[in-house]
2 protein chains.
Amino acid sequence: MTEKFPEIRNLALFHDISTQSFETLTRAAYVQTYPPSTELITEGDAPDFLYVVQAGAVELFANWAHRETSMWTVWPQSTFILAATVKNRPYLMSGRTLCKSRVVLLPSADVRNVFETDGAFAKAIVTELANGYRGAIKNSKNLKLRSSLERLANYLLTCYRQCDKAPRFLLEAQKSRLASNLGMTPENLSRALNGLKKYGVAVDGQSVELTDIKALTDFAQPSLLIDDDTPFF
Amino acid sequence: MTEKFPEIRNLALFHDISTQSFETLTRAAYVQTYPPSTELITEGDAPDFLYVVQAGAVELFANWAHRETSMWTVWPQSTFILAATVKNRPYLMSGRTLCKSRVVLLPSADVRNVFETDGAFAKAIVTELANGYRGAIKNSKNLKLRSSLERLANYLLTCYRQCDKAPRFLLEAQKSRLASNLGMTPENLSRALNGLKKYGVAVDGQSVELTDIKALTDFAQPSLLIDDDTPFF
DNA sequence: ATCTAAGTATGATAAACATCAAGACAACTC
DNA sequence: GAGTTGTCTTGATGTTTATCATACTTAGAT
């Protein structure tokens, strides 16, 4: 008997669970492809589904008092909104597609069900939540300990590391969204990019070139305890 | 046969685990009482122990580039540094006692061991991590969406709610530490408390009186998706 | 009671950051 | 090619927040 949704079977979250558990999780699940700028979830809503991004990208953002901030972007193959799902509490963030995106929706009641019965699933959830938790703490440290210029410099160095230390790379995102991610306004980002020129940062459109890694690193003082975004730290 | 450390047996984290698991966890554990201002853990260090605060209080803080920020305070009966322990990754925060404190230290190798073998423990860890994760996300939203005056106003209203809506209460902490928690300088906190006078905030030393809850609420616009600090949201 | 130290408050100033308005630029459409 | 749209940049200005210097207040020690 073949399992439904073989694409997500190999995610760390589902890799070690039993066939029966996977059946339960996927029995009432479905795949959906959404156009760009579609709001998939809204903060405050009850968590009906656990989401898995298979293709495209989903931006998580939050609102308060007519203000909005971008929290982070979910790329394939990752889940989002796991904590709300297992706790059965309202979403803390909203999510919208950035581009045409294929998403798997797993009913959250089934997720909680399997969580209760399958120890391997509980263990996988622990790993996922611990990663997310540590990422969120790093984010708070970044916001509280650094100026916006310092956050930007460290962001660029993180991109550089993720590109296998290629000195040229493309910004992953629209600049206005990048600004919001970094906790600043688009105008301020524009000026900050200029302000990093003296550390060898050259920007042309989406393209960035870092011509003096040492100078930029000396200024940014990256730390594994803030900037490492791999789940291994 | 009686179990060691009956005091912590009833914590949510240990409540449902087997007697054998609890034995394993506590076999090499020990209790220690520390004087005030003792640094228990240092960010970057390997997670040797999972800590449980039994009495007193422990401040978690972080450093970067000769700056320091207070993250939050751990009160009895709570654990701290759980995510680092289960993932076996370096601490992201340092911790020091605020006053004379009694702490239980559980060897983190044993914690990971029991986590692997006892499904009930894994489930309890999920709940704890999900609470912490959501708390950290609320913290980021608070920092990114609000000014320091708005954060302070919401903090005071949170205290008010936690005191069963008594209009007078004492600030839990030294003002300089409260300022750091809220992401501002002590001077700015002092001025901000003055700035909230027009919304009925009267401060005398550690004592706060809120004389116009409606005005303060109208200004602060508290949100369950940011300010609710109970694990139930 | 006086001294000290730590915490807090206040004033002056500067830096960081946001806002508003206008312009530049590229990618599309017609 | 002219116009449209969306995004980004730049400049002027104002607000928020941090920094520095100093004074005050309180609790504890001598």
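Within every chain, numbering begins at 1; the chains are lettered A, B, ... in the order of the sequence lines, protein sequences first and strands thereafter.
- Taking the six-membered ring for Trp and thresholds of 30 and 60 degrees, B/Y199 and B/F219 have nearly parallel ring planes, at less than 30 degrees apart.
- Ion pairing between A/R146 and A/D227 holds under the 4.0 Å rule for side-chain N and carboxylate O.
- Closest to the side chain of B/Q206, from the set C/dC17, C/dT8, D/dT9, is C/dT8.
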Under the side-chain contact (heavy atoms from CB on, under 4.5 Å) rule, what do A/N181 and A/S70 come out as? Steps first, then yes or no, please. CA-CA 5 Å; A/N181 265 296; A/S70 183; 3.5 Å; yes

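- Atom C1' of nucleotide D/dT7 and atom CG of A/L178 are separated by 14 Å, given to the nearest angstrom.
- Atom CG of A/L182 is separated from atom P of C/dC17 by 12 Å (rounded to the nearest Å).
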Could you walk me through whether A/E209 and A/T211 pass the side chain to side chain donor-acceptor pair (under 3.5 Å) check? CA-CA 6 Å; A/E209 181 168 13; A/T211 60; over 6 Å; no

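- For B/E150 and D/dT15, the CD to C1' distance is 13 Å, given to the nearest whole Å.
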List the protein contact pattern of nucleotides 18-27 of chain D with one symbol per nucleotide (5' to 3'): B for base contact, S for sugar-phosphate-only contact, - for none; contact means a heavy-atom distance under 4.0 Å. SBB-------

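- Distance, B/L189 CG to C/dA9 P: 7 Å, rounded to whole Å.
- Residues A/R96 and A/E39 are not paired through a salt bridge, judged by the lack of any N-O separation under 4.0 Å between the basic side chain and the carboxylate.
- One can place CG of B/L143 at 18 Å from P of D/dT16, the figure rounded to the nearest angstrom.
- Atom CG in B/L193 sits about 17 Å away from atom P in C/dG7, given to the nearest Å.
- Separating the CZ atom of B/R146 from the P atom of D/dT17 is a distance of 13 Å, rounded to the nearest angstrom.
- Spacing between atom CG of B/N194 and atom P of D/dT17 amounts to 15 Å, rounded to whole angstrom units.
- The shortest side-chain heavy-atom distance between B/R67 and A/K144 does not fall under the 4.5 Å cut-off.
- Taking the side chain of A/S176 as heavy atoms from C-beta on, and the options C/dT10, D/dC8, D/dT16, the nearest nucleotide is D/dC8.
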